[in-house]
Amino acid sequence: MSSPQPGIPRHLAVIMDGNGRWAERRRRPRAVGHRAGARAVNVCIDFCIDTGIEALTLFAFSSENWGRPEDEVGALMKLFLNALEREVDELDRRGVRVRFIGERGRFNEAIRARMDAAETQTAANTRLHLSVAASYGGRWDIANAARSLAADVAAGRLRVEDIDEAALGARTALADLPPPDLFIRTGGDTRISNFLLWQLAYTELWFTETLWPDMDAVTLQRAVDDYAARERRFGLTGAQIAQPSNGMPTTGTPSNGLTE
Ligand code: FPP
């Protein structure tokens with residue numbers, strides 16, 4: 001990976017919504033939509049690699065999705081297991097580092113073992129950092145970080161007065177990556193739905209009616225073009241941002257995790 005490219009997000013985060021409606025419109029079971037959604041994941045990974053996006057975070061299964069009908073949860077678990085069995089070697093070959101964020105303990109042993117193995121196999125790859133949020137919730141993530149801080153205080157390893165944004169942020173998921181520059185949600189709804197609540201503070205948001213299984217490089221490129229045309233101010237004024245000496249990184253992200 002090289003220097004950040006102007007107008008190209010370093011980190012893209014995606015809510016892949018609309019699988020169910022895509023299937024229902026074709027009078028097919030929702031599971032068919034999820035399978036089509038898995039194909040669109042590959043389109044998105046290819047796009048990131050081709051465009052020079054360095055990190056991709058996908059919301060695959062939320063903490064709340066466990067409450068869906070049993071047959072749909074079962075179909076999704078089967079799909080995750082199949083994808084883990086089938087796709088990891090190819091991702092590895094392409095230089096993709098895979099990791100999972102979320103409550104891994106809620107998945108069955110077979111899926112957990114495959115997740116661990118995929119992370120180990122791809123740990124040294126640097127072309128694309130792919131994070132799959134599975135049994136993940138932004139509130140869970142922040143609560144987890146708070147619990148970790150509290151445990152360190154209780155054990156005498158941390159003073160209460162040393163708790164600040166950096167200390168909490170360092171214990172949230174993806175702390176070793178710059179926060180997402182661009183967030184995309186497909187499927188027409190314009191909300192964040194408990195995704196990366198902490199990490200999205202200054203992320204540019206982009207919404208499309210396109211259903212996730214129909215996602216293609218043209219639509220992804222539209223999102224990136226729109227992102228490139230935006231002025232990111234991070235709470236400063238437009239004039240300050242225009243000053244080269246304002247100390248802001250060009251992507252607005254700390255230079256952690258990804259190679260400068
Ligand atoms: C939301 O669409 C999508 C999901 C809950 C599942 C996402 C899973 C995939 C894209 C497939 C596999 C992913 C990986 C990483 C292998 P929805 O069902 O809420 O759609 P709807 O709003 O139309 O009902």
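Reckoned from all heavy atoms, side chains included, excluding hydrogens, waters and symmetry mates. The shown structure was predicted, so the numbers you read here are calculated from the model rather than taken from an experiment.
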message: For Leu196 and Phe183: C-alpha separation, side-chain torsions, deciding distance, then whether side chain to side chain contact (heavy atoms under 4.5 Å, CB included) applies.
response: CA-CA 10 Å; Leu196 303 161; Phe183 160 99; over 6 Å; no

task: Under the side-chain hydrogen bond (donor to acceptor under 3.5 Å, both in side chains) rule, what do Asp89 and Gln121 come out as? Steps first, then yes or no, please.
output: CA-CA 8 Å; Asp89 283 346; Gln121 182 178 340; 2.9 Å; yes

Salt bridge (Lys or Arg N to Asp or Glu O under 4.0 Å) between Asp176 and Arg99, intermediate numbers included: CA-CA 12 Å; Asp176 59 324; Arg99 80 170 96 175; 3.0 Å; yes

- request: Could you please spell out the steps behind the side-chain hydrogen bond (donor to acceptor under 3.5 Å, both in side chains) verdict for Ser193 and Arg185?
  value: CA-CA 10 Å; Ser193 298; Arg185 180 177 185 144; 2.7 Å; yes

- request: Let me see the working for Arg147 and Asn144 under side-chain hydrogen bond (donor to acceptor under 3.5 Å, both in side chains), right down to the final yes or no.
  value: CA-CA 5 Å; Arg147 192 182 319 107; Asn144 217 28; 2.7 Å; yes

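For the side-chain hydrogen bond (donor to acceptor under 3.5 Å, both in side chains) criterion with Tyr136, the lone passing option out of Asn194, Thr57, Asp141 is Asp141.
Between Asp226 and Arg222 no salt bridge is recorded (no basic side-chain N to carboxylate O distance below 4.0 Å). Salt-bridge check for Arg112 with Glu109: passed, with a basic side-chain N closer than 4.0 Å to an acidic carboxylate O. Looking at Asp152 and Arg171, a side-chain N of the basic residue comes within less than 4.0 Å of a carboxylate O on the acidic one, giving a salt bridge. Taking a cutoff of 4.0 Å between a charged side-chain nitrogen and a carboxylate oxygen, Arg30 and Asp71 do not qualify as a salt bridge.
Counting only heavy atoms from C-beta outward, the side chains of Leu211 and Thr186 never approach each other to under 4.5 Å. For the pair Phe47 and Gln221, the minimum side-chain heavy-atom distance is below 4.5 Å. His34 places a side-chain heavy atom less than 4.5 Å from the side chain of Glu72. With contacts defined as side-chain heavy-atom distances shorter than 4.5 Å, the pair Val41/Trp212 qualifies. At a threshold of 4.5 Å between non-hydrogen side-chain atoms, the residues Asp116 and Arg104 count as touching. Two residues are said to be in side-chain contact when any heavy atoms from C-beta on lie closer than 4.5 Å; Asn19 and Pro213 meet this criterion.
Hydrophobic clustering (side-chain heavy atoms under 4.5 Å, transitive across Ile, Leu, Val, Met, Phe, Trp, Tyr) groups Val98 together with Met77.
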